[in-house]
Amino acid sequence: MHGRTIFFRRPPGGGGTEGRLQVGAGGGYRGYDPNQPRVPAGHPDGGQWTEKGGESAGPTSLAEKQRSLDEIISDAIDNAFVGARYASRRPPVRPIVINGRSVQPTVEQAARLGQAEAQARDAIRRVQEIEPSWRPRPSAYETVEGMIRAHQADAVQASERLIELMYFTGPGRFAAEWVPAPAPGRRLTQAGQRRLNQIGSLRGCYTCGTFNPGTRTGNYIGDHQRPTALGRPLAHLSSVPSLQQLSRRQGAGALEKARTIT
Amino acid sequence: MIHTVKIAPPYSLIFISDAEGGTTPECSPPAPYWATPSCIAVACLMYQDGDTEVSLGQAREMNLARPPIFDGLLETPNRKVNVETAEGELVLQSDVPTESIRVRIWTNALREPDKIIIGLG
């Protein structure tokens with residue numbers, strides 16, 4: 001059975017570059033003494049190696065400190081690195097104000113609250129990139145748990161709105177080229193359809209980027225950027241290549257909206 | 001009496017429901033039809049590829065030997081059945097005697113049919 005070598009790195013500016021320890025076949029380290037004493041707990045250098053058999057509480061000279069660091073690294077767990085400062089105690093959880101009242105969350109609640117808040121903020125930001133004026137419906141809460149649920153609800157609302165925006169309005173993230181939309185009740189001309197198919201075969205569906213239009217003829221569907229049922233000026237509409245399935249999903253949503261308007 | 005129209009409905013869909021509308025089904029995943037108790041959506045020929053012939057009438061008048069693709073009950077609280085497009089345009093309408101009516105639908109293809117027959121009762 002062969003031994004293995006563990007490489008270690010000196011801290012920046014510490015002189016030298018790196019060293020190594022030979023691990024013996026029996027698993028022991030050459031140059032490492034498991035019986036070497038450490039600085040007792042409670043001391044600022046607590047836990048560090050100290051002089052073998054000495055009385056000192058820790059290394060005093062720079063050279064000694066350097067050696068001590070190297071020794072620590074050579075003996076360290078895989079993820080340890082020089083220069084890291086590990087928290088000796090967890091920072092206190094700050095109280096939060098709900099309805100003018102200071103409430104002290106538990107550590108676990110504070111973690112969940114932070115996570116829910118970040119998720120909501122991220123989801124809202126993504127919606128507002130498309131629709132800057134969008135805001136989630138305000139919610140009322142009196143407890144930390146209520147506040148967490150409110151943030152989670154905001155994130156859900158934002159996600160739903162994002163899906164709605166992606167599928168029912170807007171040019172879609174793959175939209176790059178388009179052809180003029182035909183007049184109401186008219187279809188694309190053959191030339192328009194050919195151009196639409198060209199765009200589709202080059203760039204795929206304007207929403208999802210897929211290249212199979214899913215139609216019997218292989219024709220891409222010219223999807224208006226806004227459903228015509230919403231009464232937008234048709235002169236501003238353009239047809240972008242879309243898929244049969246996305247078009248039908250839009251159709252169900254368009255009927256709902258048409259019924260709401262009428 | 002059977003009424004027939006030829007249309008190229010936007011989004012390649014027609015919707016069958018009560019005159020006051022119904023709960024629109026989510027038209028996904030791909031299928032010949034999608035239904036809720038108050039609304040049936042039927043896939044048509046892609047509107048840019050041509051017209052779809054849609055017929056509405058009493059089922060006994062249809063006299064079709066093959067089985068329908070859809071056979072179920074539709075809520076009709078206003079005793080009227082509407083066939084409309086995704087943009088809310090009324091295409092066909094029929095009176096029905098009850099607040100719930102059996103609807104059977106035949107098509108000439110499961111995918112993008114250009115003939116759809118809707119039989120009531």
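Chain letters run A, B, ... following the sequence lines, proteins first, then strands; residues in each count from 1. Basis for what follows: all heavy atoms, side chains included, without hydrogens, waters or symmetry-related copies.
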Among B:D49, B:T85, B:T23, B:I7, who wins on heavy-atom pairs under 4.5 Å with chain A?
B:D49
Chain A interface, residue from B:P9, B:A41, B:A43 that has the most non-hydrogen pairs under 4.5 Å:
B:A43
Would you say A:I221 and B:Y11 make side-chain contact, with heavy atoms under 4.5 Å?
no
Does the side chain of B:Q48 come within less than 4.5 Å of A:N219's, by heavy atoms?
no
Kindly give the heavy-atom pair with the smallest separation between [X] and [Y], and that separation in Å.
X      : Y     : result
A:R216 : B:L45 : NH2-CD1, 3.6 Å
A:L255 : B:T24 : CD2-OG1, 4.1 Å
A:T215 : B:M46 : CG2-CG, 3.7 Å

Got a sec: does the CD of A:E142 have more than 12 other heavy atoms crowding it under 6.0 Å?
no
Is the CZ atom of B:R66 crowded by more than 12 outside heavy atoms at less than 6.0 Å?
yes
Segment of B:E89 engaging chain A (4.5 angstrom heavy-atom cut-off):
neither
